[in-house]
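Index from 1, following the sequence.
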Amino acid sequence: MGAQNTTAREERELERTAKTKMGARLESGNGAATEIHERRRVKTTGDKKQRIPRWGIFLFVILAAFAVARTLQRGVETAKTTQPPIRPVLVAKVISKDVPLYLDEIGTCAAYETVQVQAQVSGQIIARHFQDGADVKKGDLLFTIDPRPYQAALEQAQAQATLDQITMKRQQELRARNVISPQDLDTAQANAHKSEAAAAAAQVNIDFCYIKSPINGRAGLRLVDVGNIVSGNTGSGAVLLTIQGLDPIYTDFTVAETDLALVRKYLGGPNVKVQTYSPDDKIPPRLGDLYFIDTAVQPGSGTVKARGVTPNPDHAFWPSEFVRVRFILDTIKEARLVRFHHKLSRLAKVGRSYLC
C-alpha cells in the first residue's frame, strides 16, 4: 500500500510540473486555485525564420511573370525594328530587241504655214464664201470685192489696146511703102504694147476682187463682214483672215546645254527622229523628222531651239498646244532587255537619255 501511494504521489507531481510549464491553472485540495504563468520567450531571428504569407508569394509570382512577359515583348519589338524589310524579287526573261537612244523634252506645236489674207485692191466686200474655223483648200473662194469699177477699167484698157493694134498695122503698111519714117512705126508699136499691158493690169485687178485661199489649212475668225470697205496694200490693218496649215505641223522643243555633246555625236545620222506625244496619251504618238536645230545656245535658259516636222492628217495636234517630245538620236541593234510588268521599264541611262 505504501508503495502504491508513493507512485500516485509522483504521478501527480509530474502532472503538476507539466501544467506549470504550460501555464495551466492548478487546484489545491481546499478548493482554491493557483494560476501559474510561464515567462514567454521573445522569438528571435536566430531561433527561427519569420513565415511569409501566401498572398505575398502569389503577388510575387504574378509580378515576376509580368516582368518576364514584358521583357520578351521588348525583345521581339527590337528584333522587328532591326530586321530589314522583305523586298520582293521579280524574275523576268531577257530578250533581244532594237531600242532607241533618246531624250525626253517638253515642246509646243506650231503651224506649218501661217497666211494673213489681205485685200490687194480697194472696194466693198459683197460676199463671204466660207465659215469661220472651216478647213479650206488652196484656191477656195473666200471673199468677193465689188468688181464693177475694175471691170469698167478693164474694158477701157482692152478698147485702147484694140485701137493701138489697128494703128500699128496701118503704120506697118505705110512703112512698107516707105511713106512714113521708121520712128513713126516704132511709136505705134510701143503704144500697142503699152495698151496690152494696161489691159493685163486691169485683168489682174479683176482677179484680185475674188480673194482665194493661198494654202491648204484651217480658217480662223474673220475680221471683216459683208459691206465693209477694204483698202488694198495698206499693211497689217488690211488683214481679212488668218489661215494656218496644220498638216504637217511643227513640233518646237529645246535641248539642254548639257546634252549638246550627245546630240552632236548623232546629229545628221539616219536614225535621228522626233516623236510627238499628246499630254494625256489619248492620241497615238507621231513620228516625224528633225527639221531645224539652232546654232547658238540661248543665254538666259542655257538651251538650244529645235524643231521637228510631224505628220498631222487628222488635225489632232493644234498650234500652241503643249506636247511631250522624244528626241530619238539613234537605234541600238539587238540590245538585251528585261521587261517588267510596270510602267518603268528603262534599263540604262546615258545623261538624260534612256534605253527602254
Side-chain angles (χ1 to χ4, degrees), residues 98-117 130 133-140 142 212-221 239 241-298 300-333 350-356:
D98 296 344
V99 294
L101 178 68
Y102 61 90
L103 300 174
D104 278 335
E105 307 291 349
I106 300 297
T108 57
C109 292
Y112 188 76
E113 295 176 301
T114 301
V115 176
Q116 292 181 336
V117 180
F130 71 98
D135 292 330
V136 296
K137 300 293 184 180
K138 183 178 180 180
D140 288 351
L142 303 176
K212 299 178 181 180
S213 175
I215 62 171
N216 297 332
R218 175 166 293 176
L221 187 65
V239 176
L241 175 70
T242 300
I243 301 176
Q244 292 182 323
L246 302 181
D247 182 29
I249 196 169
Y250 287 132
T251 300
D252 295 334
F253 61 98
T254 58
V255 177
E257 184 178 1
T258 55
D259 295 329
L260 282 180
L262 183 64
V263 172
R264 284 196 297 263
K265 179 180 178 181
Y266 297 98
L267 197 62
N271 297 325
V272 176
K273 298 291 182 180
V274 176
Q275 199 165 20
T276 305
Y277 294 79
S278 63
D280 52 6
D281 292 329
K282 292 183 178 179
I283 303 173
R286 309 287 174 85
L287 186 64
D289 298 323
L290 179 66
Y291 174 76
F292 163 79
I293 187 166
D294 206 351
T295 57
V297 178
Q298 301 296 318
S301 60
T303 57
V304 178
K305 294 181 179 180
R307 168 172 282 186
V309 179
T310 304
N312 193 31
D314 55 353
H315 297 175
F317 293 110
W318 283 25
S320 301
E321 179 184 5
F322 281 97
V323 292
R324 293 185 294 112
V325 181
R326 177 164 292 180
F327 187 19
I328 301 175
L329 302 176
D330 197 7
T331 301
I332 301 177
K333 301 294 184 180
V350 183
R352 293 172 62 247
S353 61
Y354 301 90
L355 293 177
C356 70

**Student:** Considering residues at least two apart in sequence or located in another chain, which fulfil the side-chain hydrogen bond (donor to acceptor under 3.5 Å, both in side chains) criterion with Tyr277?
**Tutor:**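 So Tyr277 forms a side-chain hydrogen bond (donor to acceptor under 3.5 Å, both in side chains) with Gln275.
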**Student:** Taking only residues two or more places apart in sequence, or in another chain, which ones meet Lys265 in a side-chain contact (heavy atoms from CB on, under 4.5 Å)?
**Tutor:** none
**Student:** Applying side-chain contact (heavy atoms from CB on, under 4.5 Å), can you list everything that pairs with Asn271, at least two apart in sequence or on another chain?
**Tutor:** Asp330, Thr331
**Student:** Throw together a table of side-chain donor-acceptor distances under 3.5 angstrom for residues 241-250, partners on residues two or more places apart or in other chains.
**Tutor:**
unit_1, atom_1, unit_2, atom_2, d
Asp247, OD1, Asn312, N, 3.1

**Student:** Among all residues two or more places apart in sequence or in another chain, which pass the side-chain contact (heavy atoms from CB on, under 4.5 Å) test with Thr254?
**Tutor:** Thr303
**Student:** Should the pair Asp294-Arg307 be classified as a salt bridge under the 4.0 Å nitrogen-to-oxygen rule?
**Tutor:**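 Looking at Arg307 together with Asp294, the answer is no, because their closest N to O distance does not fall below 4.0 Å.
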**Student:** Suppose we screen for salt bridge (charged side-chain N to carboxylate O under 4.0 Å, His left out). Which residues come up paired with Asp135, at least two apart in sequence or across chains?
**Tutor:**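 Salt bridge (charged side-chain N to carboxylate O under 4.0 Å, His left out) list for Asp135, sorted by chain: Arg218.
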**Student:** Is it the case that over 12 heavy atoms from other parts of the model lie below 6.0 angstrom from the CD atom of Gln298?
**Tutor:**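 Atom CD in Gln298 is crowded, with more than 12 foreign heavy atoms closer than 6.0 Å.
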**Student:** Taking side-chain contact (heavy atoms from CB on, under 4.5 Å) as the definition, give me every residue that meets it alongside Val272, ordered by chain and number, with sequence neighbours left out.
**Tutor:**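 Val272 satisfies side-chain contact (heavy atoms from CB on, under 4.5 Å) with Leu290, Phe327 once adjacent residues are dropped.
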**Student:** Walk me through whether Ile293 and Val263 qualify under side-chain contact (heavy atoms from CB on, under 4.5 Å).
**Tutor:** CA-CA 10 Å; Ile293 187 166; Val263 172; 4.2 Å; yes
**Student:** For Tyr102, does the six-membered ring have the charged nitrogen or CZ of Arg326 within the cation-pi criterion, i.e. under 6.0 angstrom from the centroid and within 45° of the normal?
**Tutor:**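 The answer is yes, since Arg326 meets both limits relative to Tyr102.
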**Student:** Applying salt bridge (Lys or Arg N to Asp or Glu O under 4.0 Å) as the test, list every pair that has at least one member in residues 271-280; sequence neighbours left out.
**Tutor:** Lys273-Asp289
**Student:** Please determine which of Asp104, Thr108, Thr251 meets the side-chain contact (heavy atoms from CB on, under 4.5 Å) test together with Val325.
**Tutor:**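 With Val325 as partner, side-chain contact (heavy atoms from CB on, under 4.5 Å) holds for just one option, Thr251.
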